[in-house]
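Bear in mind the structure is a predicted one, so any value in this text is a computation, not a measurement. Just so it is clear: chains get the letters A, B, ... in the order the sequence lines come, proteins before strands, and each one is counted from 1.
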Amino acid sequence: MTTIRLRNTRTRKVEPFAPIDPKNVRMYVCGPTVYDRAHLGNARPVIVFDVLYRLLRHLYGAEHVTYVRNFTDVDDKINAEAQRRKGLGDPRSLEELIRERTEETIGWYHADMDALGALRPDKEPRATDFIGQMIGMIEGLMKPRKDGKPFAYERDGHVLFRVREYVDYGKLSGRSVDDMIAGARVEVAPFKEDPMDFVLWKPSDADLPGWDSPWGRGRPGWHIECSAMSHELLGESFDIHGGGIDLQFPHHENEIAQSMCAHPEGGFARVWMHNEMLQVEGKKMSKSLGNFFTVRDILQQRQTFGHTIRYMFLNTHYRKPLDWTEMRLNEARKELSRWAPGARMIADRDLKLRAPHPEIVAAVANDLNTSLALKVASRLATKVLHSAESEDAIEFASAAHFLGFDIEELASKIGFKWDEEVSFDTNDVAVLQKILGFRWEARDRKNFALSDEIRDRLLAAGIALKDKGNREVEHEFAASFNRAVLEETLALLETGALK
RNA sequence: GGCGGGUUGGCGGAGAGGUUACGCAGCGGAUUGCAAAUCCGUGAAGACCGGUUCGAUUCCGGUACCCGCCUCCA
């Protein structure tokens, strides 16, 4: 069997991967805080770990992999949005408004990530459904120990974790507690015994959502949710824990501290994986720089589909910063247009996909070398272009499918462009298809005058045609699209007035 | 300041201690009714300084620069 090799942040080495239980390979990835539309950066770990999920399913069997990705629905930004709506006069309770906000955000998130070809994880727990487990875990951390202080303590309604009591604190991110204190820039809350101690539970006033606990009404700190949910759903030790590199510290460091102290007999996560950040035109994506995009924004751009975005992400190795540039986007579009004929042959000839090419699997298995995998897929696509053989189309499409590309989408949406402003419907497309039929007929009869006349009339209707060989036609709807001219052209052809 | 990561040809981006990555763009050619597309060929690299080695872009050390984290941002 193919050996998977993965870079483990904890050891800083690429290591062969061996699951604890091959019958149940377990992966946990930190999911989004659901306060707004997912931005482009949110999509990166989704796609990166989707590729890994697909690889694991391929090698161990779909039923032997459990992938958990949480929704953080306890958060100050969510509260702020709910309070804003309340302030605008919404009569419903804060809890209802929060629920509404998180529900709609989760719906958006699903729609956007589905569009990128990401499989849904097996479980998508919400933090608010696991408050009981979090409280239980915190209680366990507060119990007296034989050989030292309890790991957690209560002060002023807060429960805090004593980082000094966990000797390996800082190991994941390669920091020592003393170094961090030396370089700390934040004000230290007065109730902390040690500046690096972090919050497990904090009090809520009447204006904030809260749950009853042994320490009064309050809400959990950020880190405890992942520890509680991963323990509940995956057990005290599991195989892979992933997320963005920005989570390495403090989030993952704190998760490790809590989980290892609460369940010292388990090893928590064995392999830690972190994806690098996304940049836009060489700069950090931020609202203040005006280069901030949601996934939705990008999907609505002209000629950009879910698979275009997916290609962009896979074209850069997950451990390198990904630069989102217009130039690279154009390259992705261009490359994917070469994939369309192979994808179309699958649909047209009703071909069945099969296991992916070993080179693709090997590339992905080598610490997710997706860039190389894309090159292999492109090579296979080129082969289809040359041979037009069903066998080659199957090989190509099986590879593309393994990488998470939707073959039907590739087949149907490429070679088809439109301006952002234009509005047209499926009926317009049907009319266009009929007209193109007449044009092919004319060209078969070497009636180039009619062929060119049709092209000119379509141009007048706002549709630009480009022949691409193999009877592939690229048509582009411009903003000036004129339905009347389009329909008139078809009428002229059907009545024989134009011939 | 502390910690982590990076630096490959005009651009993007891989593998390998010695043998062509590849793609885009460029250039040359072929082909095509036209616009377009397609095909073939081709030049071009490894931030800098040392070290290990018969030989390093690939390993080791240092320098410079860039990026991220240290602030509940993936």
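- Within the structure, a side-chain polar atom (N or O) of Thr316(A) is placed less than 4.0 Å from OP1 or OP2 of G13(B).
- Gln248(A) comes within contact range of no nucleotide atom at all, as no heavy-atom separation falls under 4.0 Å.
- Contacts of Asp76(A) with the nucleic acid, taken as non-hydrogen atoms under 4.0 Å apart, are absent.
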Look for any protein N or O under 3.5 Å of an N or O in nucleotides 27-31 of chain B and output each such pair with its distance, or none.
none

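- Ring pair His158(A)/Phe191(A) is parallel by interplanar angle, where below 30° counts as parallel and above 60° as perpendicular.
- Taking the P atoms as reference points, U38(B) lies 49 Å from U63(B), given to the whole Å.
- Neither OP1 nor OP2 of C24(B) sits under 4.0 Å from any side-chain N or O of Asn330(A).
- For His39(A) against A74(B), a side-chain-to-base donor-acceptor contact under 3.5 Å is present.
- The ring of Phe161(A) has its center no closer than 6.0 angstrom to the ring center of Tyr153(A).
- For Lys320(A), no side-chain nitrogen or oxygen approaches OP1 or OP2 of G68(B) to under 4.0 Å.
- Using a 4.0 Å cut-off, no side-chain N or O of Arg379(A) falls inside it from OP1 or OP2 of A21(B).
- Secondary structure note: stems in RNA chain B built from 3 or more consecutive Watson-Crick or G-U wobble pairs under 3.5 Å occupy B:1-7 with B:64-70, B:10-12 with B:22-24, B:26-30 with B:38-42, B:47-51 with B:59-63.
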